[in-house]
Visitor: 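For reference, the structure I am asking about is given below.
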Amino acid sequence: MLDIRMIRERADEVRAGLAKRQKGDEVAVFRIVELDGERRQKLVESEELKSRRNMESKAIGILMKEGRKEDAESKKEWVRETNQRISELEKEIGEVEMEIRDLMLRMPNIPHESVPVGRSAEENPEVRRYGHPKVFEFQPRNHIELCEKLGLIDFKRASKLSGSGFLLYMGYGARLERALISFLIDLHVNEHGYMEVSPPFLVNRECMEGVGQFPKFQDQVYITQEGVDESTLGSLCLVPTAEAPVANIHREEILNLSDLPKRYCAYTPCFRAEAGAAGLGTRGMIRVHQFDKVEMINVVHPDEGYGLLEDMVRCAERVLEILGLHYRTIVLCTGDMGFGSAKTYDIEVWAPGQNQYLEVSSCSNCEDFQSRRMNMRFKDAEGKNRFPHILNGSGTALARLFVALVETHQQVDGSIVIPEALRSYMRMDVIPAS
RNA sequence: GGAGAGAUGGCAGAGUGGUCGAAUGCAGCGGUUUGCUAAAUCGCCGUACGGGUAACCGUACCGAGGGUUCGAAUCCCUCUCUCUCCGCCA
């Protein structure tokens, strides 16, 4: 959510910033400014009435004590009438405020000035590259073939259980998934200074609104129903990312300056409806309704937001480097950025069996967009309450990492060499061919 | 799921219809005193929104939302959460 005062005082700047996303978001600014003026005018009117009413009420109390009943009665009558007018005004103010709030909640963040302007994913510049696409002396298999051959994943039975877009890891496949989760958390905790947290996998609507998922993207999440009672429908949502619970840990709190930065790292499964998404229903692990992910969340002083964004991207890149995987890092252009982000880097890992790059991490600084929605603040050096920057980054998503890993480290016989760093977790060096 | 207790400022804890935005204590900030530390003493010490160049002023907030009343932290209703006990359960 943007600052209403900024919209009021620097409407042109806000409009120009939103226009860079090239989605037409800036048109709502006019309406908000107009409604905001209406709101303040009515607010002044009602507060003046309240002020006079409060004075009269006090006077009534004094008159009653003095026994001047008839004087009190006439004042009571006046207060009654005034209250009527106040409640009419308040109703109008409430309606205006609801409309403003709804518009504000649906308005995306303004891109940071360093973000390249562009319309779509084709215009995302590459900022870094590590290694090269691996050259094979044989025709590399894709992950579906490999996983079926080695019995790592049972695609067919997964869809029997849950429909398309779900995975059933078996044997060494399940072990590899679990090993990756442990490896990632240990790396971020031991070497990158994060605190491990294990959050709920179901969160309430306030959390979803806090991170910007609601109200605009409700159709992308699974909402629960408790029992068969319709009245309890939808109080909790399956997390689409650990960001949903973890970024909200300090919602409605005022943190001390010395509490910052908060650096959290969490594993959760991620549940996504993927309604209308391209690639949905295709076989494999690239786009699924449930996948595992280790997420990094930083709550930091605004002065440190962008420095920590670079740091966080490096943390995610290290994962791939340690696992011996080729990747490229891109910065998303204004037209391709997510709703709440002011600046986003994507990391794409090379999957030789697909002959394509797969997005395994997205690292964003949402600045104070989310903290404002959550009303999460900190006391700065002057003792003033301010909104911290909140950053989130995948470190990394697992299903696609799994794909890149098996496709990159496959041998001619189909066996898969386990990267050094994973061997202690796997308690093996090679996943055998059969 | 059943029964009970509770929710007040950073914390502790008063306050059961009328200058209560809220006593008091602790913590915090500033001053005085003191050889240092400590103690003592005085003052300040919530948040949000709005008005004003500003000093400042107004409004709202005692878990949330309604209601009664001229007036609610205080009375009534609903909800949420926390704690204790019982039941069920991984």
Side-chain angles (χ1 to χ4, degrees), chain A residues 1-9 32-101 103-105 198 200-210 224 226-237 245 248-260 368 371-388:
Chain A
M1 191 155 64
L2 302 176
D3 182 1
I4 185 76
R5 256 173 297 193
M6 179 169 79
I7 294 176
R8 185 188 300 154
E9 290 160 16
I32 289 175
V33 170
E34 181 185 17
L35 288 167
D36 178 59
E38 195 180 320
R39 168 181 172 267
R40 281 184 299 155
Q41 178 229 313
K42 286 182 195 294
L43 202 60
V44 168
E45 196 181 334
S46 84
E47 288 186 353
E48 274 170 5
L49 286 175
K50 281 183 193 171
S51 177
R52 278 162 59 194
R53 175 201 63 188
N54 291 348
M55 280 165 57
E56 294 298 311
S57 277
K58 265 174 198 166
I60 290 169
I62 293 162
L63 291 174
M64 297 290 272
K65 261 183 201 146
E66 292 172 348
R68 293 161 62 187
K69 272 245 159 106
E70 64 292 347
D71 292 341
E73 281 308 320
S74 72
K75 278 191 187 300
K76 278 191 197 180
E77 186 54 33
W78 183 87
V79 173
R80 253 194 296 268
E81 284 168 18
T82 305
N83 272 336
Q84 201 129 36
R85 270 191 290 159
I86 290 171
S87 71
E88 280 165 26
L89 268 171
E90 284 194 323
K91 186 164 164 277
E92 291 170 25
I93 292 168
E95 284 164 3
V96 173
E97 283 180 343
M98 276 227 317
E99 197 177 341
I100 292 173
R101 185 172 162 74
L103 288 168
M104 297 280 288
L105 287 174
S198 181
F201 300 162
L202 290 163
V203 296
N204 59 33
R205 286 162 174 275
E206 286 72 29
C207 288
M208 297 298 267
E209 191 179 280
T224 59
E226 296 154 39
V228 290
D229 183 350
E230 278 183 24
S231 69
T232 62
L233 180 70
S235 57
L236 293 171
C237 312
N248 276 287
I249 287 175
H250 300 291
R251 76 179 350 260
E252 326 242 328
E253 289 182 25
I254 300 175
L255 298 165
N256 293 316
L257 187 58
S258 58
D259 295 332
L260 301 182
D368 57 6
S371 52
R372 186 170 274 114
R373 285 173 166 246
M374 296 169 187
N375 201 24
M376 181 202 298
R377 290 162 296 172
F378 74 97
K379 275 208 188 303
D380 70 8
E382 281 78 51
K384 285 192 68 175
N385 293 337
R386 292 179 64 188
F387 294 104

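Quick note on labels: first sequence line is chain A, next is B, and so on, each numbered from 1. Basis for what follows: all heavy atoms, side chains included, without hydrogens, waters or symmetry-related copies.
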Visitor: Determine which nucleotide pairs with B/rG1, using a 3.5 Å limit on both distances of a Watson-Crick or G-U wobble pair.
Guide: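 Here B/rG1 is engaged in a pair, and the nucleotide opposite it is B/rC86.
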Visitor: Looking at A/E209 and A/R101, is any side-chain nitrogen of the basic one under 4.0 Å from a carboxylate oxygen of the acidic one?
Guide: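 Judged by the 4.0 Å cut-off on N to carboxylate O distance, A/R101 and A/E209 do form a salt bridge.
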Visitor: In the strands shown, is B/rA38 matched to any nucleotide by a Watson-Crick or G-U wobble pair with both distances under 3.5 Å, and which?
Guide: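 Matched B/rA38 with nothing under the 3.5 Å cut-off.
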Visitor: Taking the P atom of each, how far is B/rC88 from B/rG9, in whole Å?
Guide: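 Rounded to whole Å, the distance is 39 Å.
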Visitor: Is A/N204 reaching over with its side chain to a backbone N or O of A/C207, donor-acceptor style, under 3.5 angstrom?
Guide: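 The answer is yes, because a donor-acceptor pair under 3.5 Å joins these two groups.
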Visitor: Is it the case that A/R80 and A/N83 place a side-chain donor and acceptor less than 3.5 Å from each other?
Guide: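 Per modelled atom types, A/R80 and A/N83 side chains form no pair under 3.5 Å.
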Visitor: Can you find a heavy atom in the side chain of A/I93 that is under 4.5 Å from one in the side chain of A/K42?
Guide: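 Yes, their side chains come closer than 4.5 Å.
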Visitor: Given that A/K75 and A/K58 both sit by RNA chain B, which one's nearest nucleotide is further toward the 5' end?
Guide: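 By nearest-heavy-atom nucleotide position, the 5'-most residue is A/K58.
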Visitor: Taking the side chain from A/S371 and the backbone from A/P388, do they hold a donor-acceptor pair closer than 3.5 Å?
Guide: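 Yes; judged by distance alone, with no hydrogens or angles, the pair exists.
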Visitor: Could you tell me whether A/D71 and A/K75 make a salt bridge, using a distance below 4.0 angstrom between a side-chain N and a carboxylate O?
Guide: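 The answer is no: the pair does not qualify as a salt bridge.
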Visitor: Take atom C1' in B/rG15 and the same atom in B/rU24, then report the distance between them in whole Å.
Guide: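 Each nucleotide's C1' atom is 11 Å from the other's.
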Visitor: Does a salt bridge link A/R52 with A/E48, judged by any charged N lying under 4.0 Å from a carboxylate O?
Guide: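 A salt bridge is absent here (no side-chain N lies under 4.0 Å from a carboxylate O).
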Visitor: Are any of the side-chain nitrogens in A/D368 or A/R372 under 4.0 Å away from the carboxylate oxygens of its partner?
Guide: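 Salt bridge between A/D368 and A/R372, a charged N being under 4.0 Å from a carboxylate O: yes.
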Visitor: Reckon A/R52 touches a base, only the sugar-phosphate, or nothing at all at heavy-atom distances under 4.0 Å?
Guide: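 Nothing, no nucleic acid heavy atom in range.
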Visitor: Rounding to the closest angstrom, what is the interatomic distance between B/rC29 and B/rG46 at atom P?
Guide: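 Straight-line distance between the two P atoms is 15 Å.
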Visitor: By the 4.0 Å heavy-atom rule, please label A/L43 as base, sugar-phosphate, or nothing.
Guide: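 Counting heavy atoms under 4.0 Å across all strands, the contact made by A/L43 is with sugar-phosphate only.
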Visitor: With C1' as the reference atom in both, quote the distance from B/rG30 to B/rU80 in angstrom, rounded to an integer.
Guide: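 One C1' to the other, the span is 41 Å.
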Visitor: Could you give the distance separating B/rU74 and B/rG17 at their C1' atoms, to the nearest angstrom?
Guide: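 About 7 Å, rounded to a whole number of Å.
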Visitor: Applying a 3.5 Å limit to both distances, which nucleotide forms a Watson-Crick or G-U wobble pair with B/rA12?
Guide: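 For B/rA12, the partner nucleotide comes out as B/rU24, under the 3.5 Å rule.
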Visitor: Across all strands, who's sitting opposite B/rC70 as a Watson-Crick or G-U wobble pair, both distances under 3.5 Å?
Guide: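 Answer to the pairing question: B/rG18, which forms a Watson-Crick or G-U pair with B/rC70.
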Visitor: With a 3.5 angstrom cut-off on both distances, give the Watson-Crick or G-U wobble partner of B/rC29, or none if there isn't one.
Guide: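 Paired with B/rC29, as far as the under-3.5 Å criterion goes, is B/rG43.
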Visitor: Which residues in residues 87-100 of chain A have a heavy atom closer than 4.0 Å to any atom of RNA chain B?
Guide: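 Nucleic-acid contacts, sorted: none.
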Visitor: Using atom C1' of each nucleotide, how far apart are B/rA22 and B/rU47 to the nearest Å?
Guide: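 It works out to 15 Å between them.
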Visitor: If I pick the C1' atom on B/rG18 and the same atom on B/rG13, what distance separates them, to the nearest angstrom?
Guide: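 It comes out at 24 Å once rounded to the nearest Å.
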Visitor: Which nucleotide, if any, forms a Watson-Crick or G-U wobble pair with B/rA48, using both distances under 3.5 Å?
Guide: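 WC or wobble partner is B/rU59.
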Visitor: For RNA chain B, note the earliest and the latest nucleotide, 5' to 3', having some atom under 4.0 Å of a heavy atom belonging to chain A.
Guide: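 Listing 5' to 3', RNA chain B meets chain A from B/rG18 to B/rG71.
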Visitor: Distance between the P atoms of B/rG67 and B/rA72, in whole angstroms?
Guide: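 B/rG67 and B/rA72 have their P atoms separated by 12 Å.
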Visitor: Tell me whether A/E70 at atom CD has more than 12 heavy atoms from other residues, nucleotides or ligands lying less than 6.0 Å away.
Guide: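 Yes, enclosed.
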Visitor: With nearest nucleotides of RNA chain B determined for A/R80 and A/I254 from heavy-atom distances, which residue corresponds to the more 5′ nucleotide?
Guide: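 It is A/I254 whose nearest nucleotide is closer to the 5' end.
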Visitor: Could you tell me whether the side chain of A/R251 and the main chain of A/E206 form a donor-acceptor pair under 3.5 Å?
Guide: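 Yes.
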Visitor: Under 3.5 Å for both donor-acceptor distances, Watson-Crick or wobble: does B/rA7 have a partner, and if so which one?
Guide: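 Answer to the pairing question: B/rU80, which forms a Watson-Crick or G-U pair with B/rA7.
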